[in-house]
Protein chains: 2
Amino acid sequence: MPATSHEHDRLIRKLESIGDLSAGEKAAIGRLPLDVRVFGAGTDLVREGDRPSHSCLIVEGMTCRYKMTGDGQRQIMAFHLPGDIPDLQSLHLQTMDHGLGAITRTTAALIAHESLYELFRAHPSIGHLMWRDTLIDAAVFREWLVGVGRRSAYSRIADLLCELFVRARAVGLTHGDTMELPITQSELGDALGLSAVHVNRVLQELRADGFISSRGRTLVINDWPGLEKAGDFDPTYLHIRRMAA
Amino acid sequence: MPATSHEHDRLIRKLESIGDLSAGEKAAIGRLPLDVRVFGAGTDLVREGDRPSHSCLIVEGMTCRYKMTGDGQRQIMAFHLPGDIPDLQSLHLQTMDHGLGAITRTTAALIAHESLYELFRAHPSIGHLMWRDTLIDAAVFREWLVGVGRRSAYSRIADLLCELFVRARAVGLTHGDTMELPITQSELGDALGLSAVHVNRVLQELRADGFISSRGRTLVINDWPGLEKAGDFDPTYLHIRRMAA
DNA sequence: CGTCTAATTGAAGCATCTCAACATGCGTGG
DNA sequence: CCACGCATGTTGAGATGCTTCAATTAGACG
């Protein structure tokens, strides 16, 4: 594996979107031992109850974190893009209290917790940056909580689309006002606390109101200011420092 | 201030509920410089948009973290008990994306971020424990998300009562099957994404079903297994290691 | 005691759900 | 390259959990 592979680059680009890295730190990250694996759509990368000894860097594909309720309903709590390490928390929380599932076919690079501890020992500020990343994670949960608790379905969906677009843009995964969004309406419902049927109707409204359109799995933003307003969206909670080039 | 004051004890007791501390670490925490302040009920300890240079250790009183939506509704995202440091995150996230409010008259000990950095440098494992604490925070947000997104009002309220009781017990704030719960029904509503009226009706149901009762601001658990079942409660997400003596 | 906040009750409305049918698109094997 | 099959998206109609508004009662506190 070259000193700085495609996989390492994903991680570096992500970390640079939320903070600063020196050349030496980038080089050290580039030397992280990675174990690259592929997961089929619909499979779990990590299950609730697992006690992992590694964390997963998403390299390609869309993943989500979710919990099942006692009566078999699903709540999706976050969507994750390439560059994210959704289960970084398992570094300090032994038992997974939720699952990590692949929405599309996903490539992930497994990083041993031991390697991370070593990296942080040599470069404490990388540790701080990763702590920061888990804090941003928490900020996103809080924002979703506001949405599900207090916003209308219309506003909630608009807000989520804004979030996904801004996060994708921060790591260079958008093309103009367009991004790949391989999430079904049923999954959107499980994320927003809505039924798939209602998601469908509200998406039609958002299209009719001229904010968005879609070609297959591609989302097109037609009116960004309008969508932001409809979603009461304020990107502060994402704590993004800078956009990818 | 004595080497280990009441304020320091609160923090030590909290950290011991989620992990281990050596004698030396406890002593180091006992030497943390604290600036004790009192906040009236209904006032803010920290406001959305602030860029704090310290974090707040709650010593007495009930506090909450909340956000306001564009149309003036409030969503409470967490309740905090003595021993908690609700805005520990401001250590690595410059701008507060939500407020920290006092529900009752609250005593808080301000800890300069500088002091924390110094403590972590000398005792890295205290830093890890505090990282762990912010991760548990995030786990609680996730659990609330599941409740608000996918559970009935009845189940959601039962779940919240279970959480508060277990957390209070972990830091020694319960008396038998009783605890102080100075939260109004309107605040419960803002936390659970419900109207105060509906909270009232559901609380009556929970009392009628024999799970709980209340004397003034004191909550009494009459049927713990029943309440757990009603709330689909599983304490795993709290990641508590051990109960206070 | 009077005042203010919190809790309680009733009644009407609506955002969203559930169920059920039908349409569309897409991957795959014949 | 067409036909089949299955996942996803779309539509309609009826049901409901929770909301809103508005009034009343109970508690706490000077």
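Below, chains carry the letters A, B, ... as their sequence lines are ordered, and counting in each starts from 1. Side chains included, hydrogens not; waters and symmetry mates left out as well; all remaining heavy atoms used.
No side-chain heavy atom of B/His54 sits under 4.5 Å from any side-chain heavy atom of B/Asp35. By the 4.5 Å heavy-atom criterion applied to side chains, A/Leu173 and A/Met179 are not counted as neighbours. The shortest side-chain heavy-atom distance between A/Ile103 and A/Phe79 falls under the 4.5 Å cut-off. Side-chain atoms of A/Asp223 and A/Leu227, non-hydrogen and from C-beta on, never get closer than 4.5 Å to each other.
One atom, CD of B/Gln185, and another, C1' of C/dT8, lie 8 Å apart when rounded to the nearest Å. In this structure, CG of B/Leu192 is placed 15 Å from C1' of D/dT19, rounded to the nearest angstrom. For the pair B/Asp190 CG and D/dT19 C1', the interatomic distance rounds to 14 Å; values are reported in whole Å. As a whole-Å value, the separation of A/Arg215 CZ from D/dG9 C1' is 19 Å. Between B/Arg156 atom CZ and D/dG17 atom P there is a gap of 13 Å when expressed in whole angstrom units. Here the P atom of nucleotide D/dC18 and the CZ atom of B/Arg150 are 13 Å apart, to the nearest Å. Separating the CD1 atom of A/Ile157 from the C1' atom of C/dT16 is a distance of 12 Å, rounded to the nearest angstrom. Regarding B/Leu194, its CG atom lies at a distance of 17 Å from the P atom of C/dA15, rounded to whole Å.
Nearest to the side chain of A/Ser195, among D/dC21, C/dC17, D/dG12, sits C/dC17.
No salt bridge links A/Arg105 with A/Glu60; every basic N to acidic carboxylate O contact stays at or beyond 4.0 Å. With salt bridges taken as basic N to acidic carboxylate O contacts below 4.0 Å, one links A/Lys14 and A/Asp133. The pair B/Arg150-A/Asp190 counts as a salt bridge, with a side-chain nitrogen and a carboxylate oxygen less than 4.0 angstrom apart.
When each of A/Tyr154 and A/Val197 is assigned the nucleotide of DNA chain C with its nearest heavy atom, A/Tyr154 is the one assigned upstream, toward the 5' end. Each of B/Arg151 and A/Glu187 was assigned the nucleotide of DNA chain D with the nearest heavy atom; the assignment lying further toward the 5' end belongs to A/Glu187.
B/Ala153 comes within contact range of the sugar-phosphate backbone alone, with a heavy-atom separation under 4.0 Å but no base atom that close. Residue B/Gly189 is classed as having no contact, given no heavy-atom separation below 4.0 Å to the nucleic acid. Among the heavy atoms of the strands lying under 4.0 Å from B/Thr184 are primed sugar atoms or P, OP1, OP2 only; no base atom is included. Among the protein residues, A/Gly193 comes within range of the sugar-phosphate backbone only, with heavy atoms under 4.0 Å from sugar or phosphate atoms but none that close to a base.
Between B/Phe165 and B/Trp224, the distance from one ring center to the other falls under 6.0 angstrom.
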Between protein and nucleotides 28-30 of chain D, what N or O pairs are separated by less than 3.5 Å?
none

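A donor atom on one side chain and an acceptor atom on the other are found under 3.5 Å apart for A/Asp209 and A/Tyr154.
The backbone N or O of B/Ser152 sits nowhere less than 3.5 Å from a side-chain atom of B/Ser155 that would complete a donor-acceptor pair.
Shown for residues 198-209 of chain A: residues whose heavy atoms fall under 4.0 angstrom of DNA chain D, namely A/Asn200, A/Arg201, A/Gln204, A/Arg207.
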